[in-house]
Structure formats: structure tokens, C-alpha cells
Amino acid sequence: MILDTNKILESLINLNPEHITEYPALELVTPDSNEIPPALIYIPFITQNKKLPKFHFMTCDVVIKMFEEGRLERYRLSCRTDGIFTMSDDKQYKLEVCYACLKNFAKAINKPLNYIKKEFGHDKNFNIAKLFNYLERTGKRFIDSETWANLKMGVILKNNYPEHWQKISSVNRALKRYKCEKCGADLSGRKNLLHVHHINGVKSDINPENLINLCAMCHNLTHQFIVTELSHDEIIYILNHTIKAKAQKGRLKN
């Protein structure tokens, strides 16, 4: 059976602990845990005029208002980093970030709003992966345990690598002959410089179509933050093999 991790991650509509106990291999975190992972808040319902909601990463004024009106239970949590959310019609959509969250974020870290827009993006181009990286690096959390409890989620899945990930990664790289699927570099000579990237940002989603081999340089560029610090020698090695791959591709065309 292929586990639909996206639906479980986003805890759609009626998720509760009884449903999740079917999958004991996945790690769970309770809302009152001291280690709350980065997460987004969103409403999985589309309005009658087909207007899509925005997602939140803070307990901003909009979320607080919903809480005061007793409507916070409409919200759900998501750990995805690609901006894609599953809605109540069982379809996936790209949502925009809440503008109030951007303003509160700027105020929280003492930066102007334009700085946040430039560094993290805005609207549908907000870089969730970069935000999560910032939260992990700084230890900050803008969604507290009380808000988690009020969301009535029961539990939420951590966005962790699955068991035996190293083996899965090794097999995936070998099947594609240790080549970067973006720049074409053949890294069979230095396999540690070839990574397996999750396209949708969900580390537990190991469906073949979600996995792509990327050299360390392409992987860094994909995330728009440094995944792996590279030495001068490693950068030159990757660039040389990228040039070789492009030259070989050019010869094949001719």
C-alpha cells in the first residue's frame, strides 16, 4: 500500500489520533510538546465565489479574530514547504501568504516590510522552505502550543525522513547513474556531492515521482538557502562535470 503522506500531513478535515494509529512508523508530536515543529495554518475550505483563503505562519490579527469568534477550529496545520495545500474538494492549490503575517514577521525581527518581501517573497511566491529554515536555525516559533491545542488537531506528523532513508537515497542515485537531473553532472566519482531532493518538500513522501537527483550546487539553488556548505574544490569538481555533460549533450545533438 502506498501511503498518501500529503493528505496525512495536512490533516484534512476530520483527522484525529485514531486515524493516525494505522501508521505507527510515522513520528507524532502532541500539541503541548515543547518541541513544536514549524507549521502553517490554513482553512481548507473554498468560499462560494471560489475565492481561495490565505495561509498563516503566525498568530496574527486575522487568526486572533477567528479565535475570539470561536471559529479557529476551521483551521488546519500543514508542514509542507512548497506552498501547495489540499482543500476540501480534495484538490491541491497554491495559496498566498497572509499580508498581516508578513507585517508581524517584520516587526518581530525588527526589519522593514520590504526586507521581508525581498528576502522571503510574498503573495504566492513566499518561500516557505526559507522561513522554516530560519525558524529552525533561530529556534523561533510564531505558533504557540496554546494555539495548537485550540486547533483541535490531536496530533500532527513531523516532516521527517522515513526509516531507511539512506538506503532509499542510495538506490535512487544509483538507478539514475549518479547524474544530476538538472545540470547533468556525472558525480559517480564523488557520490557524496549528489543529493536526493523531495520536490514537494515533504521528506516522508518517497514516491518515485517526488524524488529527483541534484548535485549539491543545484540542491542549494533549489532551496534558495544553503543546504550544504561546499569547499572550493567541491564547487570546481561539480562545475567541471557540468561543463563535460553539456559538451557531451552538444556532441550528441550534432
Side-chain angles (χ1 to χ4, degrees), residues 2-16 19-20 23 25-29 31 33 35-46 52-60 62-63 74-98 101-102 105 120-137 140-143 147-148 151-162 165 168 195-212 214 219 221-225 227:
I2 297 176
L3 183 62
D4 191 340
T5 50
N6 289 348
K7 287 185 179 180
I8 296 175
L9 260 177
E10 294 181 1
S11 311
L12 237 190
I13 312 304
N14 295 317
L15 183 64
N16 59 50
H19 294 155
I20 292 182
Y23 313 108
L26 297 171
E27 186 174 357
L28 306 177
V29 175
S33 170
E35 296 182 5
I36 298 175
L40 308 172
I41 306 176
Y42 78 107
I43 296 177
F45 304 105
I46 302 174
L52 292 171
K54 296 185 178 182
F55 70 87
H56 309 265
F57 58 88
M58 305 186 77
T59 49
C60 67
V62 177
V63 176
R74 291 171 56 85
Y75 282 92
R76 297 294 180 263
L77 296 173
S78 171
C79 291
R80 287 184 64 153
T81 60
D82 57 359
I84 301 297
F85 299 80
T86 301
M87 306 300 286
S88 56
D89 61 357
D90 209 31
K91 295 180 180 179
Q92 295 184 334
Y93 297 86
K94 185 88 171 179
L95 300 185
E96 293 184 8
V97 65
C98 166
C101 284
L102 291 182
F105 183 33
F120 294 89
H122 55 97
D123 299 329
K124 290 185 179 181
N125 296 317
F126 184 74
N127 193 326
I128 299 169
K130 191 170 185 178
L131 170 70
F132 280 16
N133 181 62
Y134 171 83
L135 295 178
E136 291 286 20
R137 179 165 46 83
K140 293 181 181 293
R141 291 293 184 274
F142 298 127
I143 303 174
T147 302
W148 274 59
L151 285 172
K152 300 179 181 178
M153 292 302 299
V155 290
I156 182 172
L157 298 182
K158 259 189 176 180
N159 190 14
N160 281 351
Y161 290 107
W165 168 245
I168 295 168
H195 302 168
V196 178
H197 170 67
H198 295 76
I199 296 173
N200 65 8
V202 181
K203 297 174 184 176
S204 56
D205 185 352
I206 56 173
N207 291 322
E209 61 271 18
N210 188 45
L211 302 179
I212 181 173
L214 295 177
H219 198 193
L221 292 172
T222 298
H223 281 283
Q224 297 183 359
F225 60 82
V227 176

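For this chain, numbers begin at 1 and follow the sequence in order. Worth knowing before you read on, the calculation uses all heavy atoms, side chains too, and leaves out hydrogens, waters and symmetry mates.
- Looking at heavy atoms from C-beta onward, Arg141 lies in side-chain contact with Glu136 at the 4.5 angstrom threshold.
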- Residue pair Ser78, Tyr42: steps toward the side-chain contact (heavy atoms from CB on, under 4.5 Å) verdict: CA-CA 8 Å; Ser78 171; Tyr42 78 107; 4.0 Å; yes
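- We find the CZ-SG distance between Phe126 and Cys101 to be 8.5 Å, quoted to the nearest 0.5 Å.
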- Message: Between Val63 and Phe57, is the side-chain contact (heavy atoms from CB on, under 4.5 Å) condition met? List the steps.
- Response: CA-CA 10 Å; Val63 176; Phe57 58 88; over 6 Å; no
- Is there a side-chain contact (heavy atoms from CB on, under 4.5 Å) between Phe85 and Gln92 once you walk through the steps? CA-CA 5 Å; Phe85 299 80; Gln92 295 184 334; over 6 Å; no
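- Side-chain atoms of Phe142 and Leu135, non-hydrogen and from C-beta on, do get closer than 4.5 Å to each other.
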- Item | Worked check of side-chain contact (heavy atoms from CB on, under 4.5 Å) between Tyr134 and Lys140 | CA-CA 8 Å; Tyr134 171 83; Lys140 293 181 181 293; 3.2 Å; yes
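- The shortest distance between side-chain heavy atoms of Phe120 and Leu102 does not fall below 4.5 Å.
- Of the inter-residue distances, the one linking Leu95 atom CG with Asp123 atom CG reads 12.0 Å to the nearest 0.5 angstrom.
- Here OG1 of Thr81 is found 8.5 Å from CG of Asn127. Values are rounded to the nearest 0.5 Å.
- A 4.5 Å side-chain heavy-atom check between Ile128 and Asp82 finds every atom pair outside the cut-off.
- By the 4.5 Å heavy-atom criterion applied to side chains, Met87 and Pro53 are counted as neighbours.
- How far NE2 of His198 is from OG1 of Thr222: 13.5 Å, rounded to the nearest 0.5 Å.
- To the nearest 0.5 Å, atom NZ of residue Lys94 and atom CZ of residue Phe55 are 8.0 Å apart.
- Atom-to-atom distance recorded for His219:NE2 and Ile212:CD1 is 10.0 Å, nearest 0.5 angstrom.
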